[in-house]
> 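Just dropping this structure here.
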Amino acid sequence: MPRRHARVSSFRCVNCRLDVSTDAPGTAHRNHCPTCLWSRHLDHTPGDRAADCASGMAPIAIHARQDGEWAIIHRCTACGTLNANRVAGDDNPLTLMRLAVAPLARPPFPLDYFAQL
């Protein structure tokens with residue numbers, strides 16, 4: 001049986017400690033900070049609040065869904081669970097772009113490899 005929790009109107013970011021409103025454009029279940037994009041491991045599915053972990057979830061990647069919508073991939077810092085969370089309309093665009101291009105800034109091979117091609 002799912003646990004029932006009262007709906008809260010804000011939460012404190014586990015990473016940057018800002019107070020964040022749960023109201024967000026483009027999503028019914030804000031679960032991450034729009035400034036630093038960190039989350040907390042609370043859900044198994046969006047909004048269910050069924051996870052017992054409650055550890056911080058680091059934003060590690062951006063996923064572009066088939067319809068073109070972006071999702072933030074979070075990894076739990078305690079148990080390693082991965083979750084995809086929809087980008088909210090007020091998420092910091094610079095932070096989103098930094099996350100999206102991070103693999104290009106740190107390729108898994110030396111860039112000198114291209115000179116050999």
Side-chain angles (χ1 to χ4, degrees):
M1 179 169 230
R3 294 185 292 183
R4 303 282 182 219
H5 293 274
R7 177 124 167 104
V8 294
S9 61
S10 67
F11 62 89
R12 175 140 311 163
C13 176
V14 68
N15 182 58
C16 70
R17 310 300 294 157
L18 289 176
D19 288 323
V20 177
S21 171
T22 56
D23 292 329
T27 183
H29 303 285
R30 180 193 296 279
N31 62 349
H32 64 271
C33 176
T35 302
C36 70
L37 306 179
W38 274 68
S39 184
R40 186 180 293 274
H41 191 183
L42 298 175
D43 299 342
H44 291 301
T45 59
D48 71 2
R49 300 300 187 244
D52 292 326
C53 186
S55 294
M57 295 191 78
I60 62 167
I62 294 292
H63 166 66
R65 295 180 173 167
Q66 277 187 325
D67 62 2
E69 182 178 65
W70 279 15
I72 304 166
I73 306 300
H74 288 101
R75 180 177 27 219
C76 181
T77 58
C79 68
T81 295
L82 295 173
N83 284 337
N85 297 295
R86 189 175 188 184
V87 169
D90 61 349
D91 286 347
N92 184 313
L94 181 58
T95 307
L96 287 168
M97 288 303 293
R98 283 181 179 155
L99 188 57
V101 302
L104 298 174
R106 296 183 306 268
F109 49 82
L111 292 178
D112 297 342
Y113 175 77
F114 289 117
Q116 299 170 13
L117 296 177

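Just the heavy atoms: all of them, side chains too, but no hydrogens, waters or symmetry mates, feed the values below.
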> Considering non-hydrogen atoms only, spot the tightest contact between V20 and P34 and give its length.
CG1-CD, 3.5 Å
> Is the backbone of G56 close enough, under 3.5 Å, to the side chain of T77 for a donor and an acceptor to pair up by distance?
yes
> Scan side-chain atoms only and decide if H32 and D91 contain a donor-acceptor pair under the 3.5 Å cut-off.
yes
> Checking the side chain of T22 only, and the main-chain atoms of R30 only, is there a donor and an acceptor separated by less than 3.5 Å?
no
> Is the shortest side-chain heavy-atom distance between I72 and I62 below 4.5 Å?
yes
> Rounded to the nearest 0.5 Å, how far apart are CZ of R17 and SG of C36?
11.0 Å
> For atom CZ of R65, decide whether the heavy atoms of other residues, nucleotides or ligands shown that lie under 6.0 angstrom number more than 12.
yes
> Between L18 and F11, is there a shared hydrophobic cluster once you connect ILVMFWY residues whose side-chain heavy atoms come closer than 4.5 Å?
no
> Taking all atoms of both residues into account, what is the closest heavy-atom pair of C16 and C13, and its distance?
N-SG, 3.3 Å
> Are there over 12 heavy-atom neighbours, none belonging to F109, within less than 6.0 Å of that residue's CZ?
yes
> Is a donor on one side and an acceptor on the other found under 3.5 Å between the side chain of R75 and the backbone of A58?
no
> Let me check something: do W70 and I73 share a hydrophobic cluster, defined by ILVMFWY side-chain heavy atoms less than 4.5 Å apart, either directly or through other members?
no
> Nearest heavy-atom pair of R40 and A54: which atoms, and what distance?
NH1-O, 2.8 Å
> Is a donor on one side and an acceptor on the other found under 3.5 Å between the side chain of H74 and the backbone of L37?
yes
> Does the T95 side chain pair with the main chain of T35, one donor and one acceptor, at a distance under 3.5 Å?
yes
> Rounded to the nearest 0.5 Å, how far does CG of D23 lie from OG of S9?
8.0 Å
> Closest approach of T81 and M57, non-hydrogen atoms and distance?
O-CE, 3.5 Å
> Grouping I, L, V, M, F, W and Y whenever their side-chain heavy atoms are under 4.5 Å apart, do L94 and L96 come out in a common cluster?
no
